[in-house]
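Quick note: residue numbers are just sequence positions, from 1. We count ligands from 1, going down the list as the structure has it; atoms in each ligand are counted the same way.
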Amino acid sequence: MPDTKTVQYRIVDRSSGDDAGERAAVVAGLFASPASIAPKYFYDPLGCALYGAICQLPEYYPTRTEVAIFREHRLAIAQATGMGRQFVDLGAGDCCKAEAWLPFVSPARYIAVDIAGPEIERALARMAPEFPEVEMIGVIADFGGGLPIDDILDERPATFFYPGSSIGNFTRPQAMVFLKSVHEKATRRPGSGLLIGVDGKKGKRILDAAYDDALGVTAAFNRNALLHLNSRFGFDFDLEAFVHRGFYNEAEGRVEMHLESLREQSVKLGDRTRRFAAGERIHTENSYKYRAEEFEKMLREAGFASIARWASPDEGYFVFYAS
Ligand code: AVJ
């Protein structure tokens with residue numbers, strides 16, 4: 001009997017695999033002053049679920065605003081990107097955003113890249129049977145330091161899909177490095193482009209609420225990074241002793257998230273001990289906001305010559321196709 005459950009996708013693991021190195025980097029970040037934890041540590045399975053919940057909060061507008069732009073301009077955007085190509089989903093997560101595009105852009109291949117292995121694995125298992133004509137590849141990778149997919153991409157044109165305003169996690173210089181690296185991959189495959197969602201600068205009240213919601217889901221998402229580090233590296237962060245801070249830093253044009261120590265305390269990071277003063281903060285995330293012209297300039301600086309833009313009715317969120 002033919003096996004009707006044949007797995008229609010493959011997973012390539014490009015995560016560092018260097019646990020000791022990762023641990024050392026995390027410890028170094030925590031001993032620095034100010035201390036920091038990289039946002040990639042939000043996304044263990046519980047963190048992915050909490051992020052899914054954030055996207056449903058009344059205060060967190062980016063996801064639904066972007067979905068509305070995609071719906072409204074689906075055909076125009078699909079026409080800009082073209083069909084039958086490689087669709088590269090950067091930070092794919094549960095792959096729901098890309099899933100809505102597949103019927104419209106009919107890619108030959110779908111390449112989902114994300115730091116969260118279990119999340120893309122589950123998503124591809126769900127999607128593969130729905131798109132039997134699409135070759136599906138999941139890549140487990142942290143692409144902060146470059147996109148490790150040159151050997152996975154073939155010579156066909158590629159659409160690089162970077163939705164959700166995830167670009168906001170990069171500083172401006174990091175964002176430029178990222179955009180240039182995408183442009184370079186696009187240039188080697190004529191007809192390629194970048195489809196990206198970018199959150200706009202807006203009033204502090206709206207941004208403060210979006211990153212410090214009434215239900216406390218964003219607080220849980222932020223504090224879960226400590227739970228994740230405890231279980232991953234055997235640290236002993238006391239969750240009761242750190243509170244969430246999430247606010248718009250208008251001068252820097254970015255939302256910042258921090259975990260603030262409620263009291264003076266010691267945390268065991270393996271064989272070392274980190275003392276935190278009362279009120280001391282661990283920085284966990286930046287989420288940069290851009291004016292449309294500002295981001296368009298960055299795209300041009302990265303080398304993209306042709307740029308199309310779609311905006312939400314209030315001009316608070318933007319989608320660009322740059323080629
Ligand atoms: C996934 C990076 C786009 O910055 O808005 C949501 C993450 N942090 N609420 C964002 C996040 C707090 C999100 N990105």
Atoms of ligand 1 close to S165 [distance to a heavy atom under 4.0 angstrom, numbered from 1]
3 (C)

Distance under 4.0 Å to a non-hydrogen atom of M257: what atoms of ligand 1 satisfy this?
8 (N), 12 (C)

Within-shell test, [X] vs ligand 1, heavy atom, strictly < 4.0 Å:
{"X": "P62", "value": "no"}
{"X": "F42", "value": "no"}
{"X": "G164", "value": "yes"}

Path from L195 to Y317 over hydrophobic side-chain contacts below 4.5 Å
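Per the 4.5 Å side-chain linkage, L195 and Y317 are co-clustered.
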
Is a side-chain N or O of [X] found less than 3.5 angstrom from the main chain of [Y], in a donor-acceptor match?
{"X": "D114", "Y": "G93", "answer": "yes"}
{"X": "H244", "Y": "N222", "answer": "no"}
{"X": "K268", "Y": "F235", "answer": "no"}
{"X": "Q79", "Y": "A76", "answer": "no"}

Got the closest protein heavy atom to [atom], with its distance?
{"atom": "atom 4 (O) of ligand 1", "answer": "S287 OG, 2.7 Å"}
{"atom": "atom 13 (C) of ligand 1", "answer": "Y60 OH, 3.4 Å"}
{"atom": "atom 11 (C) of ligand 1", "answer": "E285 OE1, 3.6 Å"}

For the residue pair F242 and F237, does the interplanar ring angle fall in the parallel (under 30°), tilted (30 to 60°) or perpendicular (over 60°) class?
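Perpendicular, since the angle between the ring planes exceeds 60°.
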
Ligand 1 N/O within reach of Y43 N/O, cut-off under 3.5 Å
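Min N/O separation from ligand 1 is not below 3.5 Å for Y43.
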
Does Y211 reach ligand 1 with a nitrogen or oxygen that is under 3.5 Å from one of the ligand's nitrogen or oxygen atoms?
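Yes; at least one N/O pair falls below 3.5 Å.
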
A cation-pi test, strictly: NZ or CZ of R272 under 6.0 Å from the centre of the six-membered ring of F31 and no more than 45 degrees from its axis. Yes or no?
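Output yes; distance and angle both within limits.
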
